[in-house]
Amino acid sequence: MANTATTLAPPKRAGYVQALSILGILYFIMGFVTWVNGTLIPFLRIACELNISEALLVTFAFYLAYFFLSVPSSFIIKKTGFKNGMALSLVVMAAGSLIFIPAANARSFGLFLTGLFVQGAGLSLLQTASNPYVSIIGPIESAAKRISIMGICNKIAGAASPLILASIVLKNATELEAKIVAATDPVEKAALLDSLASRVIVPYIVMAIILVLLAVVISRSSLPEIETDKNGSSDGAGKSVADNRTSVFQYPYLLLGTLCIFAYVGVEVMAGDVIGTYGSALGMSLDKTKYFTTFTLLAMLVGYIVGIIAIPKYLSQDMSLRISAILGIIFTVCAFMTTGFTSVTFIALLGLANALMWPAIWPLAIDKLGAFTKIGSAFLVMGIVGGGVLPLIYGGLYNKEGLFGFLYSDTMDFRHAFLYCMVPCYIYILYYAIAGHKVGKR
């Protein structure tokens with residue numbers, strides 16, 4: 001078989017802009033669906049009467065789908081193509097949203113987790129299709145800039161979604177929580193909990209309708225198809241590079257990149273979704289902490305804007321990753337050494353440190369994969385499960401009732417647990433930025 005580069009037929013400018021616009025909408029959807037979890041954690045903790053460790057199963061169920069379904073997603077995309085794969089993913093996400101209706105009516109945490117898992121499955125398919133598409137649709141050197149643009153769309157939605165959902169499902173949350181705790185009549189208490197749970201129904205019906213409509217739009221759009229099924233790779237300048245490797249496991253920089261994605265998504269979710277429970281542990285009220293996720297995502301927006309301006313003109317992708325990892329270590333240590341709103345502010349600033357990680361890791365890990373681009377993308381998407389695992393490790397370190405409760409130590413509080421979860425991840429990300437992305441690359 002002839003060696004050829006992964007290619008996309010050179011688009012007209014209008015077609016290129018249209019493709020990026022459609023992808024921007026998809027990244028907006030990803031952000032909205034993903035970051036409502038920061039609101040669902042305190043909401044379900046009250047509505048389903050959970051402890052903090054049980055509530056953190058929200059992120060675990062959601063991100064576990066990425067681990068199990070990313071590789072199957074690559075085979076689905078191979079059959080459907082990128083465009084139809086993206087449309088199908090939106091339908092799957094709509095199905096997951098509709099599961100919230102019986103979950104709310106029964107106040108069943110298991111059904112809520114099922115809906116989250118199905119949503120995660122749809123997002124796994126969407127990520128597997130859209131991320132390599134954004135990387136390959138133009139020069140690999142500017143892939144981080146394109147992904148940063150997509151990241152702005154993602155994080156605008158992410159910043160808005162907790163505000164929108166929290167204003168609906170956690171309205172007067174502190175007062176309502178006090179009433180539930182004070183209720184002595186089981187019937188009265190059940191009525192209060194049922195009323196709270198029902199608040200989530202309408203938002204998720206609206207979400208399902210929008211997702212289905214977008215699926216129709218995407219399936220009928222003129223998005224160009226990318227050819228990635230031939231052997232060989234690009235050298236970044238569009239030239240074909242002979243590569244006789246026969247297995248995706250022969251690309252160590254990809255495998256190391258998968259672990260890097262695991263670490264990155266873990267710290268991102270800790271900074272975005274766990275910040276609310278961290279604030280609660282510091283003694284802050286739910287009426288305040290329910291908006292903390294938005295602060296983290298606004299910091300990420302600033303980081304993405306920096307990426308668009310600086311990459312690749314002033315910063316290479318690997319250098320931006322080094323700086324980000326170092327900032328992550330500094331902000332985490334500062335959060336540990338301070339208290340109150342100062343500590344929460346440093347956690348929110350982790351959004352700034354994390355912003356350029358995904359745009360840098362993805363193109364570094366997927367570069368020159370040629371025929372293995374789809375399966376390589378699937379491997380990287382598998383790494384997203386870190387967003388579900390790291391919060392559970394965090395909970396297990398200081399709460400023996402958590403899934404990782406075997407890690408529990410009665411001498412450790414939530415502040416130490418946060419530090420011990422975050423710093424090793426940032427150290428590994430720093431290693432990948434310095435050396436890991438070069439291992440085995442020709």
Side-chain angles (χ1 to χ4, degrees), residues 23 26-27 29-37 40 57-100 103 110-135 154 204 207-208 211-212 214-215 218-219 228 248-249 254-255 257-266 268-269 273 358 361-362 365-366 369 372-392 403:
L23 289 166
L26 291 176
Y27 272 77
I29 292 297
M30 284 189 232
F32 195 95
V33 175
T34 298
W35 292 105
V36 293
N37 290 339
L40 285 177
L57 287 172
V58 165
T59 57
F60 183 70
F62 185 82
Y63 289 105
L64 190 64
Y66 285 92
F67 182 79
F68 285 111
L69 297 169
S70 55
V71 172
S73 293
S74 71
F75 293 108
I76 292 172
I77 294 167
K78 189 178 181 67
K79 294 290 185 182
T80 64
F82 283 97
K83 182 175 74 172
N84 290 332
M86 293 175 193
L88 176 61
S89 71
L90 296 172
V91 174
V92 175
M93 290 161 60
S97 300
L98 292 176
I99 294 175
F100 274 56
L111 272 179
F112 277 117
L113 294 181
T114 301
L116 287 163
F117 184 86
V118 174
Q119 281 191 331
L123 276 169
S124 174
L125 180 58
L126 184 56
Q127 294 265 21
T128 305
S130 61
N131 286 308
Y133 198 101
V134 174
S135 295
N154 183 278
Y204 275 81
M207 190 184 298
L211 288 168
V212 170
L214 279 174
I218 296 298
S219 65
T228 61
V248 71
F249 294 102
L254 168 67
L255 304 180
T258 300
L259 183 56
C260 196
I261 289 288
F262 180 97
Y264 153 69
V265 179
E268 181 185 56
V269 172
D273 285 347
W358 180 279
I361 296 168
W362 192 276
I366 208 170
L369 292 187
F372 298 104
T373 298
K374 287 191 179 79
I375 188 66
S377 173
F379 272 47
L380 293 175
V381 171
M382 283 179 68
I384 293 175
V385 72
V389 174
L390 199 63
L392 289 183
L403 187 63

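Taking CG from Leu211 and CD1 from Ile218, the interatomic distance works out to 11.0 Å, rounded to the nearest 0.5 Å. Going from atom SG of Cys260 over to atom CG of Leu255 covers 12.5 Å, rounded to the nearest 0.5 Å. Atom CG of Leu126 sits about 6.0 Å away from atom CE of Met93, to the nearest 0.5 Å.
Two residues are said to be in side-chain contact when any heavy atoms from C-beta on lie closer than 4.5 Å; Trp358 and Ile384 meet this criterion. Contact check for Gln127 versus Leu380: no side-chain heavy atoms found under the 4.5 Å cut-off. Inter-residue side-chain proximity for Leu90 and Leu26 is flagged as met; some heavy-atom pair is nearer than 4.5 Å. Contact annotation: the side chain of Tyr63 approaches that of Thr34 to within less than 4.5 Å [non-hydrogen atoms, C-beta and beyond]. Between Val269 and Leu390 there is no side-chain heavy-atom pair separated by less than 4.5 Å. Under the 4.5 Å side-chain criterion, counting only non-hydrogen atoms from C-beta, Ile77 is in contact with Leu125. The side-chain heavy atoms of Phe112 and Phe100, taken from C-beta on, include a pair separated by under 4.5 Å. Proximity of Leu113 to Phe60: side-chain heavy atoms (C-beta onward) are nowhere separated by under 4.5 Å.
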message = Under the criterion side chain to side chain contact (heavy atoms under 4.5 Å, CB included), I'd like the reasoning laid out for Leu116 against Thr59: C-alpha separation, chi angles, the key distance, then a yes or no.
response = CA-CA 8 Å; Leu116 287 163; Thr59 57; over 6 Å; no

query = For Val381 and Ser73, what are the C-alpha separation, side-chain angles and deciding distance, and is it a side chain to side chain contact (heavy atoms under 4.5 Å, CB included)?
reply = CA-CA 10 Å; Val381 171; Ser73 293; over 6 Å; no

task = Show the numbers, then the answer: is there a side chain to side chain contact (heavy atoms under 4.5 Å, CB included) between Leu69 and Phe117?
result = CA-CA 10 Å; Leu69 297 169; Phe117 184 86; 4.3 Å; yes

inquiry  = Please evaluate residues Phe379 and Phe249 with respect to the criterion ring pair (Phe, Tyr, Trp, His ring centres under 6.0 Å), reporting the C-alpha separation (whole Å), side-chain torsions for both, the decisive distance (0.1 Å), and the verdict.
reply    = CA-CA 10 Å; Phe379 272 47; Phe249 294 102; 5.5 Å; yes

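Closest approach of Ser97 and Gln119 over heavy atoms only: OG-NE2, 2.9 Å. For Val91 against Ala215, the heavy-atom pair with the smallest separation is CG2-CB, 3.8 Å. Of all heavy-atom pairs spanning Met86 and Ser130, the tightest one is CE-CA, 3.9 Å. The minimum heavy-atom distance between Ala94 and Val212, with the atom names listed, is CB-CG2, 3.7 Å. The heavy-atom pair separating Phe75 from Val71 by the smallest distance is CD1-O, 3.2 Å. Nearest heavy atom pair, residue Ala121 against residue Ala65, reads N-CB, 3.3 Å.
Test Val92, Ile29, Val33 against Leu123 for side chain to side chain contact (heavy atoms under 4.5 Å, CB included) and you get one pass: Val33.
Other residues, nucleotides and ligands contribute more than 12 heavy atoms inside 6.0 Å of the OH atom of Tyr204.
Using modelled atom types, no side-chain atom of Ser124 and backbone atom of Gly120 make a donor-acceptor pair closer than 3.5 Å.
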